[in-house]
Amino acid sequence: MTRLAGKRAFITGGAQGQGAAEARAFAREGAQVVIADLNEDLGRRTADELGAQVHFVPLDVTDKASWSSAVSRALDLMGGLDVLVNNAARYWTRPVLEETEDSLDAIFAVNLKGAYFGIQSVAPSLIDAGGGSIINVSSVAGMVSHIDHSAYSMTKWGLRGVTRAAAAELAKHQIRVNCLVPGAIAGPMLGLSVPEDQQHDADTWTSVPLGRVGEPEEVAEAAVFLASDESSFMTATDLVVDGGSVGVR
């Protein structure tokens with residue numbers, strides 16, 4: 001498959017879960033990929049498993065110097081960049097009256113400031129390439145309210161706002177900036193792993209009209225679309241992958 005042939009992608013939080021699924025799908029479609037993650041052992045192992053066109057670079061998304069080093073290394077490895085996927089995130093649930101300042105700072109630093117640094121760090125390379133695609137991974141918690149999700153929701157709503165502002169500013173450089181908005185997806189972040197016989201049990205997943213949680217690969221396919229030329233007239237928008245939990249209420 002060659003939907004991303006010639007593309008060079010930088011995926012944060014790519015060592016496992018949804019990020020690893022995105023890296024796998026991008027490589028399958030012909031892209032070169034850099035997995036950037038704080039977990040060096042797992043990141044290198046994932047890159048090795050995905051083949052010679054997938055590389056690993058260490059990255060702390062909360063640190064601008066780390067971004068500079070990681071992007072420089074990616075440019076050395078691939079010769080340029082065409083796609084950024086801001087996938088790295090932190091997640092927890094806590095009542096609004098119990099959230100602490102330190103915790104707010106920690107989740108803000110990764111989920112929102114980290115993605116902002118990513119745009120600042122990678123956009124110059126996309127400009128040099130004549131354009132490209134930035135995909136910010138938000139969440140349905142950034143579109144609707146959930147109990148005990150105030151801190152996480154704050155960052156994911158904010159990321160949708162950053163997406164629109166960046167899209168407006170970068171359009172003149174032919175850089176598209178969109179939000180990928182997953183719902184409940186199986187994987188390490190949410191700790192969701194549903195037995196096969198429960199995948200379509202509507203009583204188990206009553207908040208999802210399709211009656212199941214999503215798989216990381218289903219989000220990855222949407223990311224492939226946003227990275228590809230198939231979405232060439234899409235920017236400043238949300239692509240929701242949630243089994244209908246937002247749209248059917």
Side-chain angles (χ1 to χ4, degrees), residues 1-14 18-19 21-34 78 80-89 111-112 114-144 155-183 185 210 214-248:
M1 298 186 185
T2 58
R3 294 166 68 194
L4 298 179
K7 304 287 188 187
R8 299 155 297 184
F10 189 104
I11 302 175
T12 71
Q18 192 170 288
E22 290 159 356
R24 184 178 301 108
F26 279 38
R28 181 200 69 212
E29 294 293 343
Q32 293 187 71
V33 181
V34 158
M78 301 190 297
L81 286 169
D82 306 286
V83 180
L84 167 65
V85 184
N86 276 316
N87 175 79
N111 294 8
L112 192 51
Y116 201 103
F117 286 167
I119 295 169
Q120 290 181 322
S121 301
V122 173
S125 297
L126 301 187
I127 293 171
D128 289 343
S133 174
I134 296 174
I135 304 166
N136 294 323
V137 182
S138 182
S139 165
V140 293
M143 301 186 81
V144 296
T155 63
K156 293 303 186 179
W157 279 83
L159 188 55
R160 292 177 61 227
V162 169
T163 296
R164 282 152 177 77
E169 292 185 29
L170 297 175
K172 64 185 178 183
H173 300 295
Q174 298 303 305
I175 296 173
R176 299 178 294 107
V177 190
N178 291 291
C179 254
L180 184 56
V181 185
I185 306 298
L210 288 183
E215 296 294 337
E217 292 74 17
E218 293 175 296
V219 180
E221 292 303 322
V224 167
F225 171 69
L226 289 176
S228 76
D229 294 338
E230 297 164 16
S231 58
S232 58
F233 202 53
M234 290 178 61
T235 195
T237 194
D238 299 310
L239 182 55
V240 182
V241 185
D242 72 340
S245 60
V246 169
V248 182

Residues forming a side-chain hydrogen bond (donor to acceptor under 3.5 Å, both in side chains) with Gln174, sequence neighbours excluded:
none
Of all residues at least two apart in sequence or in a different chain, which pass the side chain to side chain contact (heavy atoms under 4.5 Å, CB included) check with Thr12?
Phe10, Leu59, Val61, Trp67, Asn86, Asn87, Ala88
Is any side-chain heavy atom of Asn111 closer than 4.5 Å to a side-chain heavy atom of Leu159?
no
Can you name the nearest heavy-atom pair linking Ala220 to Ala21, along with the distance?
CB-O, 3.5 Å
Residue pairs involving residues 161-176 (criterion salt bridge (charged side-chain N to carboxylate O under 4.0 Å, His left out); sequence neighbours excluded)
Arg164-Asp238
Rounded to the nearest 0.5 Å, how far does OG of Ser139 lie from CG of Asp242?
9.5 Å
Of all heavy-atom pairs between Ala25 and Val224, which one has the smallest distance, and what is that distance?
CB-CG2, 3.7 Å
Restricting to side chain to side chain contact (heavy atoms under 4.5 Å, CB included), what partner residues turn up for Ala9, sequence neighbours left out?
Phe26, Val83
Checking Asn136 side chain against Ala115 main chain: does a donor-acceptor pair fall under 3.5 Å?
no
Over all heavy atoms of both residues, which pair between Pro182 and Ser138 is shortest? Give the atoms and the distance, please.
CD-O, 3.3 Å
side-chain hydrogen bond (donor to acceptor under 3.5 Å, both in side chains) against Glu221, all qualifying residues, sequence neighbours excluded:
Arg28
Does Asn178 offer a backbone N or O that forms a donor-acceptor pair with the side chain of Thr237 under 3.5 Å?
no
Pairwise distance CG(Leu226) to CE(Met234) - rounded to 0.5 angstrom
5.5 Å
Does atom CZ (Phe225) have a neighbourhood of more than 12 heavy atoms from anything else shown, all under 6.0 Å?
yes
Applying salt bridge (Lys or Arg N to Asp or Glu O under 4.0 Å), can you list everything that pairs with Lys7, at least two apart in sequence or on another chain?
Asp229
What is the distance from atom CD of Glu22 to atom CD1 of Ile135, rounded to the nearest 0.5 Å?
7.5 Å
Can you name the side chain to side chain contact (heavy atoms under 4.5 Å, CB included) partners of Glu218, sequence neighbours left out?
Arg212, Glu215
CA sep, side-chain torsions, deciding dist, call: Ile119, Leu170, side chain to side chain contact (heavy atoms under 4.5 Å, CB included):
CA-CA 10 Å; Ile119 295 169; Leu170 297 175; 4.2 Å; yes
Sequence neighbours excluded, which residues qualify as side-chain hydrogen bond (donor to acceptor under 3.5 Å, both in side chains) partners of Arg3?
Glu230
List for me each residue that meets salt bridge (Lys or Arg N to Asp or Glu O under 4.0 Å) alongside Asp82, sequence neighbours excluded, and say none if there are none.
Arg8
Partners meeting side-chain hydrogen bond (donor to acceptor under 3.5 Å, both in side chains) with Ser133 (sequence neighbours left out)
none
Rounded distance (nearest 0.5 Å) linking atom OG1 of Thr163 with atom CD1 of Ile134:
9.0 Å
So, does Thr155 use its side chain to make a donor-acceptor pair with the main chain of Leu112 at under 3.5 Å?
no
Verify, without hydrogens or angle tests, whether Thr235 (side chain) and Val177 (backbone) share a donor-acceptor contact under 3.5 angstrom.
yes
